[in-house]
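Only heavy atoms go into these numbers, but all of them, side chains included; no hydrogens, no water, no symmetry mates.
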Amino acid sequence: QVQLVESGGGLVQAGGSLRVSCAVSGPTCSSYIMGWFRQPPGKEREFVASIEWTGSRLKYADSVKGRFTISRDNAKNTVYLQMNSLKPEDTAVYYCACRRAGWGFTSYSAYDYWGQGTQVTVSS
């Protein structure tokens with residue numbers, strides 16, 4: 001049974017930093033592509049970042065490039081999203097997800113397993 005559990009969300013002021021984590025259990029996602037998505041209030045879920053199994057390939061949405069960093073610790077089965085220079089428009093529920101094969105997909109429909117999400121709120 002695959003389980004993805006996000007943590008680390010919260011309230012932060014604009015310009016601040018926050019790190020969200022995704023603990024992965026079950027073998028299915030252990031060597032797959034991991035991604036972070038977010039869903040702002042009243043909007044569709046959007047791609048944020050993804051990382052390949054070895055960590056050698058990374059992909060970011062233009063809106064977060066240079067501010068967010070995705071990483072993974074395979075020994076701990078955990079994926080991280082370090083968010084710096086946060087803006088009010090980063091406010092959203094952040095979800096982690098895994099995809100079994102194929103690099104470069106940014107559509108949420110391309111991902112196979114999902115966590116329950118963690119709320120990130122950036123105040124102005």
Side-chain angles (χ1 to χ4, degrees):
Q1 179 90 11
V2 175
Q3 193 171 18
L4 308 176
V5 179
E6 300 94 337
S7 61
L11 174 65
V12 63
Q13 286 190 330
S17 298
L18 204 60
R19 187 178 79 164
V20 290
S21 303
C22 174
V24 182
S25 61
T28 308
C29 287
S30 62
S31 59
Y32 295 157
I33 297 156
M34 297 298 301
W36 283 98
F37 287 75
R38 66 186 182 186
Q39 189 162 14
K43 297 185 179 180
E44 292 191 351
R45 196 169 299 190
E46 62 185 22
F47 172 79
V48 175
S50 60
I51 184 167
E52 188 248 3
W53 159 244
T54 63
S56 61
R57 286 193 286 187
L58 309 174
K59 188 175 183 66
Y60 294 96
D62 288 342
S63 59
V64 306
K65 274 181 185 175
R67 299 189 299 122
F68 290 12
T69 302
I70 187 172
S71 62
R72 66 192 297 168
D73 184 337
N74 291 330
K76 296 182 178 179
N77 290 328
T78 302
V79 181
Y80 305 98
L81 184 68
Q82 176 68 43
M83 303 181 289
N84 298 329
S85 302
L86 282 161
K87 305 174 182 179
E89 51 263 44
D90 294 318
T91 295
V93 177
Y94 282 73
Y95 298 89
C96 71
C98 81
R99 173 176 168 80
R100 283 172 285 190
W103 174 250
F105 291 85
T106 59
S107 170
Y108 68 84
S109 62
Y111 282 73
D112 303 297
Y113 300 96
W114 290 85
Q116 84 290 344
T118 186
Q119 177 70 46
V120 172
T121 302
V122 184
S123 63
S124 57

Just verifying a value: how many Å separate [X] [atom1] and [Y] [atom2], rounded to the nearest 0.5 Å?
X: Gln39; Y: Glu44; atom1: CD; atom2: CD; value: 8.0 Å
X: Thr91; Y: Lys43; atom1: OG1; atom2: NZ; value: 10.5 Å
X: Thr69; Y: Leu58; atom1: OG1; atom2: CG; value: 8.5 Å
X: Ser124; Y: Glu89; atom1: OG; atom2: CD; value: 10.0 Å

If every non-hydrogen atom of [X] is compared with every non-hydrogen atom of [Y], which pair is closest and at what distance?
X: Ala14; Y: Pro88; value: CB-CD, 4.1 Å
X: Ala49; Y: Leu81; value: CB-CD1, 4.3 Å
X: Arg67; Y: Ser85; value: NH1-O, 3.0 Å
X: Gln119; Y: Ala92; value: NE2-O, 3.4 Å
X: Leu11; Y: Ser123; value: CD1-CB, 4.3 Å
X: Ser17; Y: Gln82; value: CB-NE2, 3.9 Å

Any residue meeting side chain to side chain contact (heavy atoms under 4.5 Å, CB included) with Ser56, in chain and number order, not counting sequence neighbours: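 Listed in chain order: Glu52, Thr54.
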From the options Asn77, Ile51, Thr78, select the one residue that forms a side-chain contact (heavy atoms from CB on, under 4.5 Å) with Arg72.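 Answer after filtering Asn77, Ile51, Thr78: Ile51.
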Given Phe105, Trp103, Trp36, the one that forms side-chain contact (heavy atoms from CB on, under 4.5 Å) with Ser50: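 With Ser50 as partner, Phe105, Trp103, Trp36 yield a single side-chain contact (heavy atoms from CB on, under 4.5 Å), made by Trp103.
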Parallel, tilted or perpendicular: ring planes of Phe47 versus Phe37, cut at 30 and 60 degrees: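 Rings of Phe47 and Phe37: perpendicular, over 60°.
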With sequence neighbours left out, which residue pairs that include part of residues 106-124 fulfil the salt bridge (charged side-chain N to carboxylate O under 4.0 Å, His left out) condition?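 Pairs touching residues 106-124 that pass the test: Arg100-Asp112.
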Test your reading of the model: is there a side-chain donor-acceptor pair from [X] to the backbone of [Y], 3.5 Å cut-off?
X: Thr118; Y: Ser7; value: no
X: Arg99; Y: Ile33; value: no
X: Glu6; Y: Gln116; value: yes
X: Tyr111; Y: Cys96; value: no

As a quick check of understanding, evaluate ring pair (Phe, Tyr, Trp, His ring centres under 6.0 Å) for Tyr32 and Tyr113, giving each step before the final call. CA-CA 11 Å; Tyr32 295 157; Tyr113 300 96; 7.8 Å; no
Report yes if some heavy atom in the side chain of Lys76 is under 4.5 Å from a heavy atom in the side chain of Ser21; otherwise report no.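 A side-chain contact under 4.5 Å is absent here.
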Should Met83 and Tyr94 count as side-chain neighbours, where that means a heavy-atom distance under 4.5 Å?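 Yes, at least one pair of side-chain atoms sits under 4.5 Å.
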Before you tell me yes or no, could you show the steps for Leu86 and Phe68 under side chain to side chain contact (heavy atoms under 4.5 Å, CB included), namely the whole-Å CA-CA distance, both residues' side-chain angles and the distance that decides it to 0.1 Å? CA-CA 9 Å; Leu86 282 161; Phe68 290 12; 3.8 Å; yes
Between Lys87 and Asp90, is the closest basic N to carboxylate O distance under 4.0 Å?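 Salt bridge absent between Asp90 and Lys87.
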Please assess Cys22 against Val20 for the test side chain to side chain contact (heavy atoms under 4.5 Å, CB included), listing each intermediate value before the final yes or no. CA-CA 7 Å; Cys22 174; Val20 290; over 6 Å; no
Please determine whether residues [X] and [Y] belong to a single hydrophobic cluster, defined as Ile, Leu, Val, Met, Phe, Trp and Tyr linked transitively by side-chain heavy-atom distances below 4.5 Å.
X: Tyr108; Y: Val2; result: no
X: Val24; Y: Ile70; result: yes
X: Tyr80; Y: Met34; result: no

